[in-house]
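Computed over heavy atoms, backbone and side chain alike; hydrogens, waters and symmetry mates excluded. Note that the structure is predicted; figures quoted are calculated from it, not measured. Chain identifiers are assigned alphabetically (A, B, ...) following the order of the sequence lines, protein sequences preceding nucleic acid strands; residue numbering begins at 1 within each chain.
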Amino acid sequence: MTKDLFIYNSLTRNKELFQPIQSPHVGLYVCGPTVYSNVHLGNCRTFMFFDVVFRYLTHLGYKVRYVRNITDVGHITSQFDEGVDRIGEQARLEQLEPMEIVQKYTDDFRSVMRVFNNHSPSIEPTATGHMIEQMEMIKKILDQGFAYEVNGSIYFDVQAYRKQYPYGELSGRNVEELYENTRTLDGQDEKRFFADFALWKKASPEHIMRWPSPWGEGFPGWHLECSAMSTKYLGDQFDIHGGGMDLKFPHHESEIAQNTACCGKGPVRYWMHSNMLTVNGQKMSKSLGNSFLPHELFAGSHPLLEKGYTPQVVRFFMMQAHYRSTLDFSNDALNAAERSYERMMGAYSALADCKASASSTADTAALEQRCYAAMGDDFNTPVLVAELFEAVRMINGCKNGQLDLTADNLLQLKRIMEVFLIEVLGVQPMEEAASTELPDLMMDAVFEVRKTLKEKKDYATADLLRDVFAKRNIGIKDTKEGGEWSYEKK
RNA sequence: GGUCCUGUGGCCGAGCGGCUAGGCAGAGCUCUGCAAAAGCUUGUACAGCGGUUCGAAUCCGCUCGGGACCUCCA
């Protein structure tokens, strides 16, 4: 069975066969959040997708080191010196210490990641915890002649860098065009060249988050931490770097420049960028004011939502679109995802009830191969989901006695569902609350009573029993063997 | 303005030269006291106009619509 993995590399704009630098080890770095406010759903999409990358690589047998940083140094909100930093500003607003803001929203981020069933990264380093590494990197870049100091600030020297290395390859832009399209700005006098970016900024007197450095008190530039931390934990060159598409420029472009200036070579083999979550066709973002917070979604409290959806439904919803496509967020789409999730999970639990036959015409081996092919084709989760629905049809058919499956088939189906649905996509079955022993025993008694009532043709009472449970959100279904029941998550 | 992406049936979304994914919703049938679930069947979609080709949703050109980035953003 072939389990080749092809990854679309943003840098080369091609799908390439994945070959780790040092198999079986794989280094994966993903840009994490800036913890100055609650993560919204758009952020979650990216992290959920790279969680699937992490899960699938692990499933393939790779020893993955997954590093996802926490940005806990506030970046400047404008290109000007007088811009405020986000964390400092939020600290003022909430009347807290900056590090209290960091703690609060880091906690929020982690709990949201958990409810969405994301695995924890192998390492989750913080920018403030790596000041020394960042300063060391600045020193190296200075030594190589690709940066200069002005007034206690250090800037990356794009002009000098371009004499030796290409700049702008990832985002596909050239400096001349950039220049034409950059408004002439005040407050740039410190820079030698408009495209230069800060590696270190001198802190103004009112700036709270500040660290001593060889160049005076200040704070690191916002691209630097990722370069410093990826190098520290994954080495000069590592396999995969991921992030949202909106980070391509300038963030990732600058990372490449910093690493190359520092170590003489590009840091990343495969660049991966996930596309945006949209609302009514527009990018979900905090600044546009159209972002959804996870708890608003679960509770259905957002004005644009008719009802709430569980985290697992949302995850399943996200998996039905390819990561490089935008995904539009709407009630209709979520409702469809909810129904399909229920069907999928219904089949998953029905697997246990399937009886094996002596012979079969179903080709579960081919199905399994197609699942690997889907994931191997640049993590094509929507195609994988389509294949899983093929498994659903087989399982339901078998359960109804309309399709014969051998014991081998059933084993294979079980493996497909467990590997791809549960392990790789990371979608969990509905809360286990409905399946503890006691409720099942009690419900068995209820089915017994209903059976008797039906035998006596007392349908009114039988229906009453069903309605009484329906009022408590417990659904009852008749089956040949007796009955089934479930919590209706409506 | 520059660079790039995108437009698929009622809705969401794959596919990216031939074999017309998948889900949700709809219709019919089977099953059923009714219903639900499930299974089966069903839907002649690829923005428009040209072109390339034996053959195009898929390639090229133009037109129209939507979006992203161009130093806040996952």
Margin query: Taking B:U20 as the reference, what is the distance to B:U42 when you measure between their P atoms (whole Å, please)?
Written below: 13 Å
Next item on the list: Answer with base, sugar-phosphate or nothing: what part of the nucleic acid does A:L327 contact at a heavy-atom distance below 4.0 Å?
Entry: sugar-phosphate
Check: If you measure from the P atom in B:C62 to the same atom in B:G55, how many Å do you get, rounded?
Finding: 23 Å
Check: Which one, B:G33, B:A74, B:C70, comes nearest to the side chain of A:N43?
Finding: B:A74
Checklist line | A:F329 and A:F292 aromatic ring geometry - parallel, tilted or perpendicular at 30°/60° bounds | finding: perpendicular
Taking only nitrogen or oxygen atoms into account, show me every contact under 3.5 Å that the protein makes with nucleotides 4-10 of chain B, one pair per line with its distance.
none

Margin query: Can you tell me which nucleotide in B:G39, B:C69, B:U71 comes closest to the side chain of A:K283?
Written below: B:C69
Next item on the list: Would you indicate what A:H251 reaches in the nucleic acid, counting non-hydrogen atoms under 4.0 angstrom: base, sugar-phosphate, or nothing?
Entry: nothing
Item checked: Rounded distance in Å - NZ (A:K477) to P (B:A37) -> 8 Å
Check: Do A:R86 and B:C72 have a side chain to base donor-acceptor pair shorter than 3.5 Å?
Finding: yes
Check: What does B:C19 pair with, Watson-Crick or G-U, if both distances are under 3.5 Å?
Finding: none
Notebook entry, point to check: Heavy atoms under 4.0 Å, any strand shown: does A:G32 hit a base, just sugar-phosphate, or nothing?
Noted result: sugar-phosphate
Next item on the list: Step through the shown structure and confirm whether more than 12 heavy atoms of other residues, nucleotides or ligands are within 6.0 Å of CZ on A:R472.
Entry: no
Notebook entry, point to check: Of the nucleotides B:A74, B:U71, B:G13, which one has an atom closest to the side chain of A:M284?
Noted result: B:A74
Item checked: Nucleotide B:A74, atom P - distance to CG of A:N118 in whole Å -> 16 Å
Notebook entry, point to check: Roughly how many Å is it from CZ in A:F329 to P in B:G67, rounded to a whole number?
Noted result: 19 Å
Notebook entry, point to check: For B:G55, what is the paired nucleotide under Watson-Crick or G-U wobble rules, both distances under 3.5 Å?
Noted result: none
Short heteroatom pairs, N/O only, protein and nucleotides 22-26 of chain B, under 3.5 Å:
unit_1, atom_1, unit_2, atom_2, d
B:G23, OP1, A:R343, NH2, 3.2
B:G23, OP1, A:R393, NH2, 3.1
B:G23, O2', A:S340, OG, 3.1
B:C24, OP1, A:R343, NE, 3.1
B:A25, OP1, A:R339, NH1, 2.4
B:A25, OP1, A:R339, NH2, 3.4

Margin query: Does A:S325 reach a base, just sugar-phosphate, or nothing at all? Heavy atoms under 4.0 Å.
Written below: sugar-phosphate
Notebook entry, point to check: A:Q282 has an atom CD; how far is it from atom C1' of B:G66, in whole Å?
Noted result: 10 Å
Check: If you check every side-chain atom of A:V383, which of B:G13, B:A74, B:A21 has the closest atom?
Finding: B:A21
Notebook entry, point to check: Choosing from B:G13, B:A38, B:A35, which nucleotide comes nearest the side chain of A:D478?
Noted result: B:A35
Next item on the list: Indicate the ring-plane relationship of A:F49 and A:Y323, choosing parallel, tilted or perpendicular according to the 30° and 60° boundaries.
Entry: parallel
Next item on the list: Could you please name the partner base of B:C40, counting Watson-Crick and G-U wobble pairs only when both distances are under 3.5 Å?
Entry: B:G28
Note to self: Taking the six-membered ring of A:Y148 as reference, does the cationic atom of A:R192 (NZ for Lys, CZ for Arg) lie under 6.0 Å from its centre and within 45° of its axis?
What the structure shows: yes
Notebook entry, point to check: Does B:C62 have a Watson-Crick or wobble partner in any strand here, with both distances under 3.5 angstrom, and which is it?
Noted result: B:G48
Note to self: Looking at B:G9, which nucleotide sits across from it as a Watson-Crick or G-U wobble partner, both distances under 3.5 angstrom, or is there none?
What the structure shows: none
Margin query: Using a 4.0 Å heavy-atom cut-off, does A:S274 contact any base of the nucleic acid, only the sugar-phosphate backbone, or nothing at all?
Written below: nothing
